[in-house]
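All remarks here apply to the structure that follows.
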There are 2 protein chains.
Amino acid sequence: MSHTHESTITHLTETEIEQRLKQHGYRLTGPRGAVVEAVLGHTRPFTAEQLVAELADGPEAIGRATVYRTLEVLASVDVLTRIVSPDGHPSYLSGAPGHRHHLLCELCGTTVTFTACPMTDLIAELASDTHFEIRDHTLEVFGICPACQQAGRV
Amino acid sequence: MSHTHESTITHLTETEIEQRLKQHGYRLTGPRGAVVEAVLGHTRPFTAEQLVAELADGPEAIGRATVYRTLEVLASVDVLTRIVSPDGHPSYLSGAPGHRHHLLCELCGTTVTFTACPMTDLIAELASDTHFEIRDHTLEVFGICPACQQAGRV
DNA sequence: AGTTTATTGACACCTGGTATCACTAGTGCT
DNA sequence: AGCACTAGTGATACCAGGTGTCAATAAACT
Ligand SMILES: [Mn+2]
Ligand SMILES: [Mn+2]
Ligand SMILES: [Zn+2]
Ligand SMILES: [Zn+2]
């Protein structure tokens, strides 16, 4: 496998995440813990509404607003990445802090994360050509994973 | 300016667009024409709701559903590009058919379109490494244009 | 002109998300 | 342990953006 990508994700434990929240001045509450636990239960991208549904069933009955707020907090503390797909629907991916890009299977959600940003050269070139001050970029790749190809799900 | 990008956009006239619609089996209706005219009035990205508002005022009073439907049709016929920004809000850009990427000013919406896709190499590499069948990708770049920098709007 | 069929738009509906605000519960201090 | 302070919670109402329905309309074809 080349240097431009990797699928290993930093697997944070619940307590590590809660440490990190505390370090950023956030309190350690019951509902927050429940959301973190639910988030860790996902290895594939999930939507906010999915999490809302899961947690509405659970024993603690976490409210809608809390789920959305907590996702925002977790993203701001870099234990969660928010990916907006081309159709405009955002989903979340746990355990991926920092600047990353992804290759996602359109059928099963399997995700390959790549850490090396292939955009650095292009960005430098664009900046010097257009005199824009470049601040941000989006780059996500979509396709069908080997397993889904095999299964004839293609 | 290098070969990787360009700001020239194919400027289609109203009649050319309507020809194109007809070629794809769409009828040439009054409301459709009004939407096309309104779209051509924009050189910068605009939202669907903006267009709905503009056309609600106009003499023809085009309905909400029609505007959305027509945007979809125009995008499918490649006279319009739909861009989803990182916050998930879609906007439309006229006169940009085909596979393109954009550099957008976050303040004034000035857009530089680049036609050469910088992703082709990366995609080939990703495909051979991961055995994904790669189908699609998003790539948009955001920043501040020279004019906005000058104006101290930064 | 008449027939066919795509298109229209009013309307109701929906999903995903936010603002409000009285209440609850962590946290730090003593 | 008790208290004060403030962050966090969640019910509720609300909102934006967008979609489905369906009877009425108007292109297109003959
Ligand atoms: Mn990057
Ligand atoms: Mn491309
Ligand atoms: Zn798959
Ligand atoms: Zn600008």
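Below, all heavy atoms of this structure are taken into account, side chains as well, without hydrogens, waters or symmetry copies. In what follows, chains carry the letters A, B, and so on, assigned in the order in which the sequence lines appear, proteins first and then strands, with residues in each chain numbered from 1.
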Tell me the closest heavy-atom pair linking His102(B) and Phe114(B), and the distance in Å.
C-CE2, 3.7 Å

Closest approach of Pro118(B) to Leu122(A) (non-hydrogen atoms, all atoms of both residues):
CG-CD2, 3.5 Å

Looking only at atom types and distance, does a side-chain atom of His101(B) sit under 3.5 Å from a main-chain N or O of Leu139(B), one as donor and one as acceptor?
yes

For [X] and [N], give me the distance from atom [atom1] to atom [atom2], rounded to whole Å.
X        : N       : atom1 : atom2 : answer
Glu72(A) : dA19(C) : CD    : C1'   : 13 Å
Phe46(B) : dG17(D) : CZ    : P     : 15 Å
Glu60(B) : dT8(C)  : CD    : C1'   : 12 Å
Tyr68(A) : dA16(D) : OH    : P     : 17 Å
Leu71(A) : dG16(C) : CG    : P     : 13 Å
Leu21(A) : dT27(C) : CG    : P     : 11 Å
Arg64(B) : dC11(C) : CZ    : P     : 14 Å
Tyr26(B) : dA26(D) : OH    : C1'   : 18 Å

Has the side chain of Arg27(A) got a donor or acceptor atom sitting under 3.5 Å from an opposite partner on the base of dT6(D)?
yes

Looking at dA6(C), I'd like to know if its phosphate oxygens (OP1 or OP2) sit under 4.0 Å from a side-chain N or O belonging to Thr29(B).
no

Gly30(B) or Thr47(B), whichever maps to the more 5' nucleotide of DNA chain D:
Thr47(B)

Please tell me which of Pro31(B) and Pro31(A) maps to the more 5' nucleotide of DNA chain D, matching each residue to the nucleotide holding its nearest heavy atom.
Pro31(A)

Could you please name the option among dT21(D), dG17(C), dG8(D) that lies closest to any side-chain atom of Arg69(B)?
dT21(D)

Measuring from the side chain of Arg32(B) (C-beta onward, heavy atoms only), which nucleotide among dT9(D), dT8(C), dG10(D) has the closest atom?
dT8(C)

Electrostatic pair Arg135(A):Glu133(A) at N-O distance under 4.0 angstrom:
yes

Do the ring planes of Tyr26(B) and His24(B) sit parallel (below 30°), tilted (30 to 60°) or perpendicular (above 60°)?
parallel

